[in-house]
Amino acid sequence: MQLYNSLSRRKEEFIPVKEGQAGVYVCGPTVYGHAHLGHAKSYVSFDVLVRYLRYLGYATTYVQNITDVGHLTDDGDEGDDKLAVAAQKEKKHPMALAEYYTRSFFEDMDQLNCVRPDISPRATGHITEQIELIQTLIDKGVAYEANGSVYFEVAKFEGYGKLSGRNTDEMISGTRVEVSPDKKSPTDFALWKKAEANHIMQWPSPWGRGFPGWHLECSVMSMKYLGVTIDIHGGGLENKFPHHECEIAQSEAANEAPFVKYWMHNNMVTVDGTKMGKSLNNFITLKEAFTGHHERLTRAYDPLAVRQLILNSHYRSPLDFSDAALYAALSGYTRITEAVQAVRKALAAATEGDLNPAIQAQLTAFKARFEEAMNDDLNTSVALSVLFDQVRLTHTLLSEGKATQATLHAIDDQFTLLGGDVLGIVKSSYNQAGAGTDDSLVDKLVTLLIDQRQHARKAKDFATSDLIRDKLAEAGVELKDTPNGTDWSLK
RNA sequence: GGCGGCGUAGCCAAGUGGUCUAAGGCGACGGUUUGCAAAACCGUUAUUCGUCGGUUCAAAUCCGACCGCCGCCUCCA
């Protein structure tokens, strides 16, 4: 598999540190608010990476941190802790706030059908390790204590800037924030920050009470769970600098070994063509997208339609969310879903017999094209197009009505494998009533009305049958007449 | 100001030197099917890839200029 490595700026063959194994670390959320569309793009993209690595047979360990301390409102090391600020606003303890939004995050990611990371380490759970790493860096002479805080001395680390393509001179001249007098150089960054007395989140350390700098947690936790050199480190493009640059500096200075083999960065999300900002009134959380409670959305969107929209473009391309784009993705998603449901329904009534070799050959060709696309730096857009080709094949085959159980099984298995296991947009099972309800009363009433409509149709009383269909449609129940009877689904 | 990216049909989007008179999805239109629909299937929908110029036997793909948009350097995945 070829992956684009942000460090080398080109596609490279993926060769893990340990044969047959893959260690993936992805920068997780800072849990001070509900997850939004930007989080969705990032975590769906890396979810597909992890799923595909597993599909290829790599024993994959997926680590994604939860940042619950240290991420400042200002990367110049001068702002307040984001969690502390939000906690004060919501009148909650920072840990309560972190817990609340961590749960919210997992809920949303589950909705998007992202596999849970194997380990979701919290920054606050690794204070000891962070202090140890700081001490190592001081001992090696690349970090210094000043007035209760500890800074990393960038000038002592030769490779600083190799990921983001910046040099320190430019950075100094471009500095826009006021520089702390404690720093030897404006480019130095905080490893440990001295806490004021009123700061709730603080821990004892050899340098007095304080809290860790934001960049440190990723170095410490990736090292702890994946080793000194990890295979893949993923994150958003906006974190390339300074966050990832600082991670490299800390980790490589401490371990004297390469930190990451493959750096992967996903591109950003815009909404209606402009960047998503809290102040721009175009900030859409996932919960808002799933419920439709946002002025820019005309309806609620199935979480997997959001997933489909994300997979429709490449992870390294920017993605513009709009109601129209979401709607288009929903239509496409529905088409795939209905094809899968149709196969499974037909399967129950299919005759026994051999697997149709012509169909088998087409499925094999689809699979090869799918893998070729995914092997090329996770080209999900092309992978998805293969799925649509399989949808067409499926409908054509079903309309002939001659497919054997073995043939339909093969189709279903491939939908489940490629569309389900890898892309995560095909479910292993769907509710009986299509769009789905487990309310048996609704089921009975709709069935009753469908029966009444059938009587009217047989009697050529189309005025009545159409009235029933129209009224049901108004109530959100859509009817479809098929050769085998009438299907219904909730819209 | 510094660094990076993007501009492909009505919309989303893949393709980054020849197989491109450019995947796929959505939408629209025509047809088959249907009592009528819906769904499905078939067909049509970019001789052209922001503009101009250059390199090359050959460019959407490489180079240059220009125009437009976006991101990072401060909040944000």
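Naming: A, B, ... by sequence-line order, numbering from 1 per chain. Keep in mind that the numbers below use all heavy atoms, side chains included, and drop hydrogens, waters and symmetry copies.
- Considering only side-chain atoms of A:F388, the nucleotide from B:A39, B:G24, B:A38 that sits closest is B:G24.
- Mapping A:L479 and A:R369 onto RNA chain B by nearest heavy atom places A:R369 at the nucleotide closer to the 5' end.
- Nearest heavy atoms, A:S222 versus A:F259: OG-CE1, 3.4 Å.
- Evaluation of atom-type donor-acceptor distances gives no pair under 3.5 Å for the side chain of A:D470 against the base of B:C36.
- For RNA chain B, the neighbouring residues in residues 460-469 of chain A, judged by any heavy atom under 4.0 Å, are A:F462, A:S465, A:D466, A:R469.
- Comparing B:C36, B:C70, B:G24 against the side chain of A:D389 picks out B:G24 as the nearest.
- With sequence neighbours left out, the ring-ring contact (aromatic ring centres under 6.0 Å, His included) criterion links A:F105 to A:Y43.
- Annotation: ring-ring contact (aromatic ring centres under 6.0 Å, His included) contacts of A:Y262 (sequence neighbours excluded): A:F14.
- Using a 4.5 Å heavy-atom threshold, the side chains of A:N356 and A:T404 count as separate.
- Taking the side chain as every heavy atom from C-beta outward, A:L53 and A:L49 approach each other to under 4.5 Å.
- With A:L363 as reference, A:I411 is the one residue of A:T407, A:L418, A:I411 to meet the side chain to side chain contact (heavy atoms under 4.5 Å, CB included) rule.
- Residue A:H395 places none of its side-chain N or O atoms closer than 4.0 Å to OP1 or OP2 of B:A40.
- Contact check, A:R392 against B:G25: a side-chain N or O comes under 4.0 Å of OP1 or OP2.
- Residues from residues 98-115 of chain A lying near RNA chain B, meaning a heavy-atom separation below 4.0 Å, are absent.
- Applying the 4.0 Å criterion to OP1 and OP2 of B:A40, one finds that A:R335 has a side-chain N or O inside that range.
- Cation-pi geometry between A:R299 and A:Y301 is met: the NZ or CZ atom falls under 6.0 Å from the ring centre, inside 45° of the normal.
- For the pair A:N379 and B:G15, the criterion of a side-chain N or O lying under 4.0 Å from OP1 or OP2 is met.
- The side chain of A:M268 sits closest to B:G71 out of B:G25, B:G71, B:A37.
- Base pairing in RNA chain B yields stems of at least 3 consecutive Watson-Crick or G-U pairs, both distances under 3.5 Å, namely B:1-7 with B:67-73, B:10-12 with B:24-26, B:27-32 with B:40-45, B:50-54 with B:62-66.
- Of the two residues contacting RNA chain B, namely A:L37 and A:Y315, the nearest-nucleotide position lying further toward the 5' end is that of A:Y315.
- Note on A:G332: only backbone sugar-phosphate atoms sit closer than 4.0 angstrom, heavy atoms only; bases stay farther off.
- Between A:H215 and A:H244, the ring center distance fails the sub-6.0 Å criterion.
- In the set B:C41, B:A14, B:A77, B:A14 carries the atom at the smallest distance from any side-chain atom of A:V382.
- Atom P of nucleotide B:C26 and atom CG of A:L387 are separated by 13 Å, given to the nearest angstrom.
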Show the distances under 3.5 angstrom between N or O atoms of the protein and N or O atoms of nucleotides 9-13 of chain B.
residue	atom	partner	partner atom	Å
B:C12	O2	A:N312	OD1	3.4
B:A13	O2'	A:N312	O	3.4
B:A13	O2'	A:S381	OG	3.0

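- Between A:Y225 and A:H126, a ring centre-to-centre spacing shorter than 6.0 Å is recorded.
- Taking the side chain of A:Y32 as heavy atoms from C-beta on, and the options B:C75, B:G71, B:G25, the nearest nucleotide is B:C75.
- Using a 4.0 Å heavy-atom cutoff across all strands shown, A:R453 reaches at least one base atom of the nucleic acid.
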